[in-house]
Amino acid sequence: MKTGMIGLGAMGAGMARNIAQAGHLTAVYNRTAAKAQNLAAELNVMAYSDPAQLAAAVDVILIAVSADSDMLEMVEAIARGAGPGSIVVDLSTVSSTSARQAAQILSEKQVDFLDAPVSGGVEGAKNGTLAIMAGGDSDVLARARPILAAMSRRIVHMGAVGAGQATKAVNQIMAAGINQAVSEALAFGQAQGLPMADVIEVIGGGAAANWFLEQRGLTMTKGSFKPGFKLALHHKDLKICQHMAKSLGMTTPLTDQTVIDYERLMAEGWGNEDISALYRLKRQLK
Ligand code: NAP
């Protein structure tokens, strides 16, 4: 199936390369056109300057943009170009409500929709090892599966449209807790003057081992916070989680504290750093 990718940021570029390698990618679009032109030249595919034109030229349209309004803006454009029977898969992290809104807009054009947020970081996008949590019709997922399989090692159907994003919210709350735990523990280790590479190596072989420690532990102790996953994007996700928790009558103290911490870091100008920049607060780095 001819596939087009919209959004060639930290995640989208890696995904696009893997779909190209599997022989499915035929078109790309990015708001900042130079990124699309460069990647199109590298992968020998077509760069479009209009998402509606891209949608008209492919069977499957993948989206990986920042936030809810960005995704819905792209869906509105896609709806102007996509033909009946084509499939739109949103890989961005947004709310379940926005996912259902996208599905509604597209259904008026007989275009199918899946919300399929991912986990696994830029490393997962680059290596084709993402976990995909999908919401939507199981037949539509079956049709899109060969494309998604090119960028992932685990695809789980979570239910109707919106269920993928609901699952991703669970992931984002957990990621906040892991960030708090890893950054606080490593700051504590560093304050004791321990050899941090050895601390990370030995802890990474025990019960406290985790992906974030392995991928971001050493860089954070060296004061390097290159994204990765931009702090402002995780903040956007946690605001969605807070909203969902409120409607469930739940409290989420860990999430609330992380939102406060991120807002402080964003006010200090660190929003485009990786989420491991939480270490700045733990070590009181400027
Ligand atoms: P990113 O590097 O900041 O890239 C964002 C992309 O979205 C860029 O291509 C940007 O275009 C495009 N974009 C933003 N607003 C747009 C708009 N209004 N119209 C059209 N395009 C727009 O972000 P990312 O890390 O790739 O994240 C993409 C999505 O994946 C987000 O929802 C994020 O929460 C989610 N996610 C990220 C990670 C991670 O580790 N990074 C992991 C899982 C999920 P320009 O180039 O023109 O700015």
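Throughout, residue positions are numbered sequentially from 1 according to the sequence presented. Order of listing sets the numbers, starting from 1, for every ligand and every atom in it.
At least one donor-acceptor pair closer than 3.5 Å links the side chain of Gln190 to the backbone N or O of Thr221. Under a 3.5 Å cut-off, the side chain of Asn18 and the backbone N or O of Met15 do not form any donor-acceptor pair.
For the residue pair Thr258 / Gln180, a side-chain donor-acceptor distance below 3.5 Å is found, with atom types taken as modelled. Inspection of the Ser92 and Asp90 side chains reveals an N or O donor paired with an N or O acceptor under 3.5 Å. Asn179 and Tyr262 are linked by a side-chain donor-acceptor pair at a separation below 3.5 angstrom, with hydrogens and angles left out of the test.
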Might you work through the salt bridge (charged side-chain N to carboxylate O under 4.0 Å, His left out) test for Lys230 and Asp274, ending with a clear yes or no?
CA-CA 5 Å; Lys230 286 179 194 156; Asp274 185 72; over 6 Å; no
Give one line per pair: atom of ligand 1, protein atom, distance. Only N/O to N/O under 3.5 Å.
unit_1	atom_1	unit_2	atom_2	d
ligand 1	2 (O)	Ala10	N	2.8
ligand 1	3 (O)	Lys230	NZ	2.7
ligand 1	9 (O)	Leu8	N	3.2
ligand 1	9 (O)	Gly9	N	3.3
ligand 1	9 (O)	Asn30	OD1	2.7
ligand 1	15 (N)	Arg31	NH1	3.3
ligand 1	15 (N)	Asp70	OD1	3.4
ligand 1	18 (N)	Asp70	OD1	2.9
ligand 1	26 (O)	Ala10	N	3.2
ligand 1	26 (O)	Met11	N	2.8
ligand 1	32 (O)	Val65	O	3.0
ligand 1	32 (O)	Ser66	O	2.8
ligand 1	32 (O)	Thr93	N	3.0
ligand 1	32 (O)	Lys236	NZ	3.2
ligand 1	34 (O)	Lys236	NZ	2.9
ligand 1	41 (N)	Gly228	O	3.2
ligand 1	46 (O)	Asn30	ND2	2.9
ligand 1	46 (O)	Lys35	NZ	2.6
ligand 1	47 (O)	Arg31	NE	3.1
ligand 1	47 (O)	Thr32	N	2.9
ligand 1	47 (O)	Thr32	OG1	2.5
ligand 1	48 (O)	Arg31	NH2	2.9

